[in-house]
2 protein chains.
Amino acid sequence: MRIGELAKRTGCQSETVRYYEQTGLLPEPAREAGNYRSYDERHVERLSFIRHCRSLDMTLEEIRTLLRFRDAPEKNCGDVNELLDEHIGHVASRITELTRLEKELKRLRHLCGKAQTSKDCGILNGLAKGTTASRRHHSGTGHVHRTHPAR
Amino acid sequence: MRIGELAKRTGCQSETVRYYEQTGLLPEPAREAGNYRSYDERHVERLSFIRHCRSLDMTLEEIRTLLRFRDAPEKNCGDVNELLDEHIGHVASRITELTRLEKELKRLRHLCGKAQTSKDCGILNGLAKGTTASRRHHSGTGHVHRTHPAR
DNA sequence: GGTACACTTTGTAGTTACTACAGGGTCAAG
DNA sequence: CTTGACCCTGTAGTAACTACAAAGTGTACC
């Protein structure tokens with residue numbers, strides 16, 4: 001199987017596959033005649049694992065750690081539990097934070113019901129006052145992203 | 001006031017201030033004798049506005065748009081309402097998504113109660129099966145970030 | 001054989017919102 | 001006149017990709 005098929009079967013792009021290879025998440029595959037990368041089912045499985053972890057919002061670093069355990073089946077997996085617990089904590093605290101944001105945003109939104117001139121807009125004026133709810137961007141709990149994705 | 005004081009008063013770093021100037025969010029300030037940037041209260045206010053928006057997880061692009069309205073007080077602010085509504089939508093859908101993640105992560109976590117060998121770890125095995133709950137990373141709704149912040 | 005087309009290769013640059021230097025300059029105090 | 005705290009410009013790094021550019025490969029059709 002060439003890179004395009006692998007990508008399609010795992011729901012990502014060829015570039016992403018090569019990127020994972022570069023950063024050591026995927027092993028360098030064999031090459032066929034024309035220098036094309038040649039993959040088999042084991043690659044599909046590993047890449048699926050990675051993509052599944054990504055869909056759970058883990059970082060590549062976390063995934064790297066998990067893969068090390070997968071690659072050493074006799075090792076004790078206690079740290080896996082720990083990693084997951086931490087990750088769950090990060091997600092939970094991000095939810096808390098976003099919920100707070102949502103409330104504040106809705107409050108702001110009610111300050112301007114209808115279109116009018118900017119200088120009288122309750123939203124713009126509301127934003128000018130420093131509510132400063134969260135002085136630091138992230139409460140420092142962990143590694144949970146903001147609201148806007150990479151596109 | 002020099003850049004350090006401005007930064008302190010708005011809760012960010014001097015580098016961030018200069019970055020905002022570069023990208024056009026803050027106007028180029030006057031310079032004092034030794035080529036130091038010289039700020040006044042209007043800068044404090046504008047920067048506070050920006051930081052407040054950032055604390056609400058808006059992108060610099062969104063903030064730029066809001067600032068354009070602030071800078072044109074006679075213009076109609078209807079688009080401000082729209083921007084905010086959209087942003088609220090993004091935050092809301094991110095919360096939904098993270099809540100789903102949290103559930104799945106907790107389910108996974110229960111698959112391995114205690115430390116054991118990796119090959120028997122329910123978590124690692126659970127991650128290998130492609131649940132593929134969300135084929136695309138973000139459901140495409142908007143611009144809401146993942147779980148891990150910029151550190 | 002020619003050529004159109006889809007796919008692949010490597011490598012590099014761009015994205016967001018900063019942060020972290022390096023290698024200098026300015027200024028007041030001691 | 002040196003020490004220290006601050007400031008200057010400019011560049012590179014971060015995460016996890018995405019998007020090219022410029023070239024090679026493989027197959028189908030005429």
Note: B/Leu105 and A/Met58 closest approach over all heavy atoms is CD2-CE, 4.0 Å
Between [N] atom [atom2] and [X] atom [atom1], what is the distance in whole Å?
| X | N | atom1 | atom2 | result |
| --- | --- | --- | --- | --- |
| B/Tyr19 | C/dT19 | OH | P | 10 Å |
| A/Ile3 | C/dA6 | CD1 | P | 19 Å |
| A/Glu62 | D/dA16 | CD | C1' | 13 Å |
| B/Arg64 | C/dC18 | CZ | P | 11 Å |
| A/Met1 | C/dT8 | CE | P | 12 Å |
| A/Gln13 | C/dA6 | CD | C1' | 16 Å |
| B/Arg54 | C/dC18 | CZ | C1' | 9 Å |
| B/Lys8 | D/dA5 | NZ | P | 12 Å |

Return whichever of B/Glu15 or B/Glu5 has its heavy-atom-nearest nucleotide of DNA chain D closer to the 5' end.
B/Glu5
Is [X] reaching over with its side chain to a backbone N or O of [Y], donor-acceptor style, under 3.5 angstrom?
| X | Y | result |
| --- | --- | --- |
| A/Glu62 | A/Thr59 | yes |
| B/Thr10 | B/Leu6 | yes |
| B/Arg64 | B/Thr23 | yes |

Does a side-chain N or O from [X] land closer than 4.0 Å to OP1 or OP2 of [N], or not?
| X | N | result |
| --- | --- | --- |
| A/Arg18 | C/dT10 | no |
| A/Arg51 | D/dA16 | no |
| B/Thr16 | C/dT19 | yes |

Identify all pairs in which a protein N or O lies below 3.5 Å from an N or O of nucleotides 21-24 of chain D, and state each distance.
| from | atom 1 | to | atom 2 | distance (Å) |
| --- | --- | --- | --- | --- |
| D/dG24 | N2 | A/Tyr36 | OH | 2.9 |

Taking a hydrophobic cluster as the set of Ile, Leu, Val, Met, Phe, Trp and Tyr residues connected by side-chain heavy atoms closer than 4.5 Å, whether directly or through intermediates, do B/Val44 and B/Ile3 fall within one such cluster?
yes
Flag yes if B/Ile88 and A/Leu98 sit in one hydrophobic cluster, no otherwise; membership is Ile, Leu, Val, Met, Phe, Trp, Tyr, and two members link when side-chain heavy atoms are under 4.5 Å apart.
yes
Nucleotide nearest B/Asn35 when distance is taken to its side chain, options D/dC8, C/dT9, D/dT18:
D/dC8
Of the candidates C/dT9, D/dC8, D/dC17, the side chain of A/Leu60 sits closest to D/dC17
For B/Tyr19, the side chain to side chain donor-acceptor pair (under 3.5 Å) test, sequence neighbours excluded, returns none
Give a yes/no verdict on a cation-pi contact between B/Arg70 and B/Phe49, requiring under 6.0 Å between NZ or CZ and the six-membered ring centre and an angle within 45° of the axis.
yes
Could you tell me whether B/Arg37 contacts a base, only the sugar-phosphate backbone, or nothing, with contacts defined as non-hydrogen atoms closer than 4.0 Å?
sugar-phosphate
Just call it for A/Arg2: base, sugar-phosphate, or nothing, with non-hydrogen atoms closer than 4.0 Å on any strand.
sugar-phosphate
Are A/Glu21 and A/Arg37 ion-paired here, with the side-chain N under 4.0 Å from a carboxylate O?
yes
Could you check A/His43, A/Arg51, A/Glu45 and say which one makes a side chain to side chain contact (heavy atoms under 4.5 Å, CB included) with A/Leu47?
A/Arg51
Any residue of residues 20-34 of chain B with a heavy atom less than 4.0 Å from an atom of DNA chain D
B/Arg31
